[in-house]
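One structure is given here, and the rest of the page talks about it.
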Number of protein chains: 2
Amino acid sequence: MQRVTIAQVSERAGVSTATVSRVLSGKGPVSAAVERRVRRAAEELGYQVNPIARALRNSRTDTVGMVVPSISNPFFTSLVESVEHVLEREGKELFLSDARSDPAIEARRLSSLAARNVDGIIVSPSHGTESGPAVQETADRLPLVQLDRFVGGTNTDWVGVDDVAAMRLVMDHLHEGGARSAAFIGSLMTNSSTEQRFAGFRRRAEELGMSVHPDQVFLGDYSVDWGETAAARLVNAGNMPDAIVCADDLIALGVTRACRAHGIAVPDQVQVTGYDNIEFSRLGEPALTTVDQPRDRIAEEAVRLLAAASRAGDTDRGPSARIALVPTLVVRDSTRAGAARRPGR
Amino acid sequence: MQRVTIAQVSERAGVSTATVSRVLSGKGPVSAAVERRVRRAAEELGYQVNPIARALRNSRTDTVGMVVPSISNPFFTSLVESVEHVLEREGKELFLSDARSDPAIEARRLSSLAARNVDGIIVSPSHGTESGPAVQETADRLPLVQLDRFVGGTNTDWVGVDDVAAMRLVMDHLHEGGARSAAFIGSLMTNSSTEQRFAGFRRRAEELGMSVHPDQVFLGDYSVDWGETAAARLVNAGNMPDAIVCADDLIALGVTRACRAHGIAVPDQVQVTGYDNIEFSRLGEPALTTVDQPRDRIAEEAVRLLAAASRAGDTDRGPSARIALVPTLVVRDSTRAGAARRPGR
DNA sequence: AACTTCACTGCAATCGATTACACGAGGAGC
DNA sequence: GCTCCTCGTGTAATCGATTGCAGTGAAGTT
C-alpha cells in the first residue's frame, strides 16, 4: 500500500508542496481559490500527514510517554485511563510502558521514550531512591512530571495526593470506631507512597494516643499475597490490634481474605482500611473502607504541567511544582463506624 | 539539550557519516582501525540513533501497536503484559491504546497507529461486526493479528483459545457436580468471545441433557455490575438453576457477590463458573472455578505471526492463520466437584 | 608493465514535511 | 511614472540516518 505524500497532493492541485503545507497547517497566507483546490485534492487522495516526517522536521511528536511500576495494578491502570482521556482532548497520544517495578527496566523505558522524541513524560517511579538518576537525567532532556509517587534526589514537577492528610482521615475514622491500637502493612520503604503514608499513620496515631507495636509494622510489596502473608503473621503472633491500616487496597484485600480464613471478624474484631479506592475494593468481603485519590484531577494537572513546561522550553527551568491534591475517605464495611453507619451491605 | 547526531560522531572520528552508519549497523565492510575509532567517538559522545530519522528512511519503527477494548479489564492488561514481555525479547516496543469498547474510537486508534508506521498491530476488536471495516482496512495496510476476540467480515490472522472446547470442560465439570440445569450470563452478542462461549455452552448442555431455560440467558456487558444485576434478576424470578455459567470472571464475581447478598450458598445451592482466570478470580468468595487462557502462548504466537507477515511483505497475502490454543479448567470452590475435591479453601 | 579484483570509504540522493528566503504581480502613494 | 509595500507562491534548505554508486589504492594476475 503506497502512502499518499504531500507531493502527490501538490501535483494534483497544481501547486507546490509548500503551499499544500501552508493550507493544511493553516499558517501562511493562501488565496481562497488555491485553498479550495488543495483541500479538494487532499480529500480525494485521502491524504494524511506522515507523523514521522513531521516529527523529524519539528522535533514534536504530539505524543506523551507514561511509565508506571506495574500495569497489572488496577490503581495504575485507572490512572493511565484518566491520563489518556485528558490527552485525547489535547490531540496527543499516549505511549505506555511498564517498568515491572524494576528501576533498571524503568531506566531503559525512560531513555527509549526520550529517544523517540515524546513531547513529555509522565512517570510514577518504581523505587524511592534507585529510580532517581534515570528520572533526573530524563527530566534534564525534556518535560517530565512525576505522578503519585515521588523519587528522592530529583527536581521535577510532581502531582499526587497529600498522603499525610489522607492518613489523618483514616486514623480519625478508626479512632472514632473505637480503635486504640493499630498495625501497618505496606511495601518495603522504597517509594514515597509507603513512606508518606507510614509517616502520616505514625504521626496521627501518636496524636490520638493510639498504640503502634513495633512488631506490627509489616513491609513487603503491593500485592494481595503480601497482605495475606502479613495478616497471617499477625494472627499467629496472637496479639491482634484493633485496626490494620494498609498502604494500598491490594494489601487490604489480602488482609480481609486472611481474616476470613482464620475466622476473624472484620470489622468487629479488627478494622481494616485500604488505599486507592480501586474498583475491586468495594468487592471485598467486607467491602473496604479506603482512601480515594482524585485520579482525573491528578491526570489533568499532570498534563497541564507538561504543556506548561513544553511552552516554557529549556529557557526557564523555574522551581518545580509540587501539587498535592486532597484525598477523600470512602467509608464502607471494613471499619466499625462504617458498618454502624450503613447497616446492611 | 542538544542531541548527538551521526554527523558529530563522524567528525570526531574523522570519517564520513556513511562509515559511521556502517559501523553502527554492522553492515558493509569497515577496516578494524576505523571501526575502533568510530566506536570510541560514539561512546564518548554518548551517541544514540534517532529512531525518527531512521524510521523515515527505513519505514520501520521497531514498534508494535496494540488496541484492546478496555485497559481496566484485568484480562486484557495481563494479555498486554504478556505481549510486552515477548516484544521486549525482540527489541520492539509496544504502543498501547484503549478503545473504550467503542468501535469509533477503535477505528481512530487503528488509523493513528498505522499512520505512525508501527510495524504491526495486535488488536482485540471491541465489536463483533462494527469493528470490521476499520480492522480490515488497517490489515490491508500492514501486518495485523487479532487476539482473543475476532471480528466478522475480516480476513486476518487470529490467535485465541478454543472457546467451544473450554465450555465443554466447564459443562462436563458442572454436570459431574450434579448440575442438571444452567443459566448463562454474558455480554450482548457483539463480540466473538460471548458468541463462541455461548454456542459452546448451549451445545454441550444439549449433549449432556442439561436444561437451559430461555429466560435464563442474560446478555449485558463484561462487568461486575452486570453480573450482580443479572444474578439479582435470576433470584427474583425465583427459579434458580443448578449452575450459572458466566462469560468472564468479572461477571462471575458479580454473581457470587449477589448470591452472598441474597443468602444463596455457592456452590451448594448454585454452582458458578467464570472465564479468563484473572488474578482476582481466586479472591472471590468463594474462589471461582474458571477457564485459564494460556496468555503467554497467545502473546507468543501473535508476535510470531506478525513477524512472519512483516517478512513476507505485501507480496504473498496467503490464507490467514487461525490459531486456537487449548484452554484449561481451573477448579476452585464455586463449583461442587471442586468444593468436594478440595475441602477447605 | 598493464590489467583485474577487491576491500574500504566518501559523495550525494533519499525518506516527507516544514519554512526561511526570494520573487513577481498588483496596488498605494508621491 | 516611479518607488515601495503587500500578498501569494515557489525554490530550496533542513531535520538525521541510510545506502546505491563511484572512486581510491593496494594486492594479485598474466
Side-chain angles (χ1 to χ4, degrees), chain A residues 1-39 41-42 45-63 91 112 114-119 141-142, chain B residues 1-39 41-42 45-63 91 112 114-119 141-142:
Chain A
M1 158 107 188
Q2 202 50 49
R3 291 186 51 137
V4 183
T5 72
I6 200 171
Q8 292 167 44
V9 176
S10 72
E11 193 175 353
R12 180 168 194 126
V15 297
S16 73
T17 60
T19 302
V20 175
S21 174
R22 282 193 268 257
V23 170
L24 266 31
S25 67
K27 302 176 191 171
V30 184
S31 72
V34 169
E35 164 149 10
R36 230 173 306 117
R37 280 221 310 285
V38 170
R39 288 203 186 286
L45 293 172
Y47 172 75
Q48 272 187 297
V49 291
N50 181 331
I52 298 194
R54 169 180 283 176
L56 178 60
R57 175 66 218 231
N58 292 349
S59 33
R60 272 198 326 113
T61 50
D62 291 324
T63 286
S112 155
R116 279 180 196 285
N117 262 15
V118 293
D119 297 341
R141 299 226 269 154
L142 40 78
Chain B
M1 157 109 188
Q2 203 49 51
R3 291 187 49 140
V4 183
T5 74
I6 200 170
Q8 292 166 42
V9 176
S10 72
E11 193 176 351
R12 180 169 193 126
V15 297
S16 73
T17 62
T19 302
V20 174
S21 174
R22 282 192 269 258
V23 169
L24 266 28
S25 67
K27 301 175 191 169
V30 184
S31 73
V34 169
E35 164 150 10
R36 232 173 306 118
R37 279 219 310 284
V38 170
R39 286 203 187 287
L45 294 171
Y47 172 74
Q48 270 188 297
V49 291
N50 181 333
I52 299 193
R54 171 180 283 173
L56 178 59
R57 176 66 221 236
N58 292 350
S59 36
R60 273 197 324 114
T61 50
D62 291 325
T63 286
S112 155
R116 279 179 197 285
N117 262 14
V118 293
D119 297 341
R141 299 226 271 153
L142 41 78

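Computed from heavy atoms alone, side chains included, the values below leave out hydrogens, waters and symmetry copies. So you know, we letter chains A, B, ... as the sequences are listed, proteins then strands, and number each from 1.
- The CG atom of L45(B) sits 12 Å away from the P atom of dA17(D) (whole-angstrom rounding).
- Put simply, CG on N58(A) is 13 Å from P on dC15(D), counting in whole angstrom units.
- Contact check, S25(B) against dA17(D): no side-chain N or O comes under 4.0 Å of OP1 or OP2.
- Nearest to the side chain of A18(B), among dC11(C), dT18(C), dT9(D), sits dC11(C).
- V34(A) comes within contact range of the sugar-phosphate backbone alone, with a heavy-atom separation under 4.0 Å but no base atom that close.
- Contact annotation: T19(B) does not reach the phosphate of dT9(C) (side-chain N/O to OP1 or OP2, under 4.0 Å).
- A residue-by-residue look at L24(A) and V15(B) shows that V15(B) has its nearest nucleotide of DNA chain C further toward the 5' end.
- Between N117(A) atom CG and dA17(D) atom P there is a gap of 11 Å when expressed in whole angstrom units.
- Contact of the T63(A) side chain with the R116(A) side chain is not registered, since no non-hydrogen atoms from C-beta on lie closer than 4.5 Å.
- Between R54(A) atom CZ and dG16(C) atom C1' the separation is 11 Å, expressed in whole Å.
- L24(A) pairs in a side-chain contact (heavy atoms from CB on, under 4.5 Å) with only one of the listed residues (T19(A), V38(A), V9(A)), which is V38(A).
- Regarding N50(A), its CG atom lies at a distance of 14 Å from the C1' atom of dT14(C), rounded to whole Å.
- Each of V30(A) and T17(A) was assigned the nucleotide of DNA chain D with the nearest heavy atom; the assignment lying further toward the 5' end belongs to V30(A).
- Put simply, CD on E35(B) is 14 Å from C1' on dT9(C), counting in whole angstrom units.
- Within the nucleic acid shown, T5(A) comes within 4.0 Å of sugar-phosphate atoms alone, with no base atom in reach, counting heavy atoms only.
- Between K27(A) atom NZ and dG8(D) atom C1' the separation is 18 Å, expressed in whole Å.
- Taking OG of S16(B) as the reference point, atom CZ of R22(B) lies at 6.5 Å (rounded to 0.5 Å).
- Here R57(B) contributes atom CZ and S21(B) contributes atom OG; the two are 9.5 Å apart, rounded to the nearest 0.5 Å.
- Counting distance only, with no hydrogens placed and no angle test, the side-chain atoms of R57(A) and the base atoms of dG16(D) include no donor-acceptor pair under 3.5 Å.
- Within the 4.5 Å cutoff, the side chain of V23(B) has heavy atoms near those of the R39(B) side chain.
- Listed pair Y47(A) / dG16(C) fails the phosphate criterion, with no side-chain N or O lying under 4.0 Å from OP1 or OP2.
- Distance R22(B) CZ to dA22(D) C1': 12 Å, rounded to the nearest Å.
- You'll find that the side chain of S21(A) is closest to dT19(C), out of dT9(D), dC8(C), dT19(C).
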